[in-house]
Amino acid sequence: MLVAERIHLAQQQYNDLGGTGVPVPLWGQYLNAAQRQVALQRPDASSAITVVRLAPGVLQEIPDDGVRLLDVLRNMGADGATPGTSIQLVDKAALDAANLAWPAGPGATAIDNWAFSDLYPRSFWVSPPVSAVTDVHVEIGYAVSPADVPRILGWAEGVTYAAGELAFYREGAGAAGVIFRSLAADNVGNAPAQSPAWWAEEPLALSLPDIYAGPVVEWMLRMAFLREDEGASTVRAAAFEKSFYQSLGIKTQTDIIISPNNPGKE
C-alpha cells in the first residue's frame with residue numbers, strides 16, 4: 001500500500017487534487033493517525049511473531065514497540081533459537097485457585113502455561129516462574145505499533161528543497177501523485193519527473209496490509225472534514241467515521257475477537 005496512492009485518493013475524494021484545501025504535510029499526519037487508529041481497532045492488522053527473553057519470575061512484558069499481546073506460542077530454549085514445547089493458555093484465576101503460592105514457586109527453564117488479562121494488554125504471566133540463573137526464551141505473537149511515515153512536503157515551483165526531503169508531486173491536473181526524494185541541497189525549480197539528477201522516486205509504503213487501504217483513507221477524510229468545523233462538513237466526517245468502524249468493527253467487538261482469553265479466537 002503506497003503512501004502516495006493513499007494521499008492521492010484522499011485528495012480525490014476531498015475534491016482537492018490541487019492541494020489547496022489540505023496541505024500535503026497535513027495529509028501525511030492524517031495518514032499516520034489513520035494507521036494508529038486501525039491498529040487500535042484491529043491489533044491483528046499490525047502483528048508480528050518474535051522471540052523474547054523472559055524476566056525472572058512470573059510477570060512479563062511484550063517488546064517496547066508492542067501495543068497488545070496476541071499469543072504465547074512455544075519455548076525457545078536458553079539461546080532463543082532452540083524450539084521447544086508449546087505453551088498453553090490458562091485462566092489466571094484457575095492458577096490462583098489451585099495454588100495461591102504458585103508465583104513464589106521454584107524457577108524453571110521451560111514454561112508450561114501463560115495467562116493474560118485484558119486490563120493489562122502489554123503484560124502476561126507465565127507458569128512455572130522463570131529461573132533467575134538461566135536464560136529462558138519464548139516465541140510470542142503481538143500487535144506492533146505501525147511505523148509513522150516521514151514528513152512529506154508538497155512540491156511547488158520556486159520552493160527550495162534540502163537533500164533528503166520528500167515531496168509529493170503531481171505531473172498535470174488529475175494525474176496520480178508520486179513521492180520523490182531530493183538528491184541535492186538547494187534543490188529549487190526542478191520538476192521531479194523531469195530532473196533525475198535532482199530527484200529520485202521514493203516508493204514509500206504503509207506498514208499495514210493492503211486490505212486496510214480503505215479504512216485508512218476513510219479516517220484521513222474524517223479528519224480533513226472535521227478540520228473545516230462546519231455543519232455539512234461535520235456530517236460528512238461522521239459518515240466517514242461510521243464507514244471506518246463498519247469496515248473494522250467497533251473496539252469492544254474487536255477486543256473480544258483478538259483477546260487471548262477468547263476460546264473461539266482464530
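All residue numbers refer to positions in the sequence shown, counting from 1. As a basis for the values below, the full set of heavy atoms in this structure was taken, side chains included, without hydrogen atoms, waters or symmetry mates. Please read all numbers here as calculations on a predicted model, not as lab measurements.
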So which pairs with a foot in [range] pass salt bridge (charged side-chain N to carboxylate O under 4.0 Å, His left out), sequence neighbours left out?
range: residues 18-28; answer: none
range: residues 184-201; answer: none
range: residues 1-17; answer: none

For Asn32, which residues count as a side-chain hydrogen bond (donor to acceptor under 3.5 Å, both in side chains) partner, sequence neighbours excluded?
->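 Expected list: none.
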Does any non-hydrogen side-chain atom of [Y] lie less than 4.5 Å from one of [X]?
X: Val149; Y: Leu31; result: yes
X: Pro192; Y: Trp198; result: no
X: Val52; Y: Leu54; result: yes
X: Trp199; Y: Asn187; result: yes

Just verifying a value: how many Å separate [X] [atom1] and [Y] [atom2], rounded to the nearest 0.5 Å?
X: Ser117; Y: Leu69; atom1: OG; atom2: CG; value: 11.5 Å
X: Met76; Y: Ile87; atom1: CE; atom2: CD1; value: 10.5 Å
X: Leu73; Y: Trp114; atom1: CG; atom2: CH2; value: 8.5 Å
X: Ser207; Y: Tyr212; atom1: OG; atom2: OH; value: 12.0 Å
X: Phe124; Y: Phe116; atom1: CZ; atom2: CZ; value: 10.0 Å
X: Ile179; Y: Glu202; atom1: CD1; atom2: CD; value: 8.0 Å

Asp79 atom CG: more than 12 heavy-atom contacts under 6.0 Å = yes
Take Leu70 and Ser47, measure what side chain to side chain contact (heavy atoms under 4.5 Å, CB included) needs, and give me the verdict at the end.
-> CA-CA 8 Å; Leu70 299 177; Ser47 59; 3.7 Å; yes
Applying side chain to side chain contact (heavy atoms under 4.5 Å, CB included), run through Val58 and Val130 and close with a yes or a no.
-> CA-CA 6 Å; Val58 298; Val130 176; over 6 Å; no
Listed by chain and number, what are the salt bridge (Lys or Arg N to Asp or Glu O under 4.0 Å) partners of Asp96, not counting sequence neighbours?
->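 Applying salt bridge (Lys or Arg N to Asp or Glu O under 4.0 Å) to Asp96 gives Lys92.
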Return the set of residues passing salt bridge (Lys or Arg N to Asp or Glu O under 4.0 Å) with Arg74 (not counting sequence neighbours), or none when no residue passes.
-> Glu139
Side chain to side chain donor-acceptor pair (under 3.5 Å): which pairs involve [range], sequence neighbours left out?
range: residues 147-158; result: Arg36-Asp148
range: residues 51-63; result: Glu61-Ser123
range: residues 103-113; result: none

Ignoring hydrogens and angles, write down the donor-acceptor pairs under 3.5 Å from the side chains of residues 213-223, residues two or more places apart or on other chains.
residue, atom, partner, partner atom, Å
Glu218, OE1, Phe244, N, 3.3
Glu218, OE2, Ser243, OG, 2.8
Arg222, NE, Glu241, OE1, 3.1

Restricting to pairs with a member in residues 50-79, which pass ring pair (Phe, Tyr, Trp, His ring centres under 6.0 Å), not counting sequence neighbours?
-> none
With no hydrogens and no angle check, do the side chains of Tyr161 and Asn190 hold a donor and an acceptor under 3.5 Å apart?
-> no
Go through the steps for His137 and Val51 under the test side chain to side chain contact (heavy atoms under 4.5 Å, CB included), then give the verdict.
-> CA-CA 7 Å; His137 294 81; Val51 174; 3.8 Å; yes
Could you walk me through whether Leu166 and Phe180 pass the side chain to side chain contact (heavy atoms under 4.5 Å, CB included) check?
-> CA-CA 6 Å; Leu166 301 176; Phe180 286 86; over 6 Å; no
Taking only Lys NZ, Arg NE, NH1 and NH2, and the carboxylate oxygens of Asp or Glu, determine whether Arg68 and Asp118 approach each other closer than 4.0 Å.
-> yes
Hey, does the side chain of Asn15 reach the backbone of Gln13 with a donor-acceptor pair shorter than 3.5 angstrom?
-> no
Under 3.5 Å: donor-acceptor pair, side chain of Asn75, backbone of Gly77 | no
Contacts of Val24 meeting side-chain contact (heavy atoms from CB on, under 4.5 Å) (sequence neighbours excluded), chain-then-number -> Gln11, Ile152, Phe168
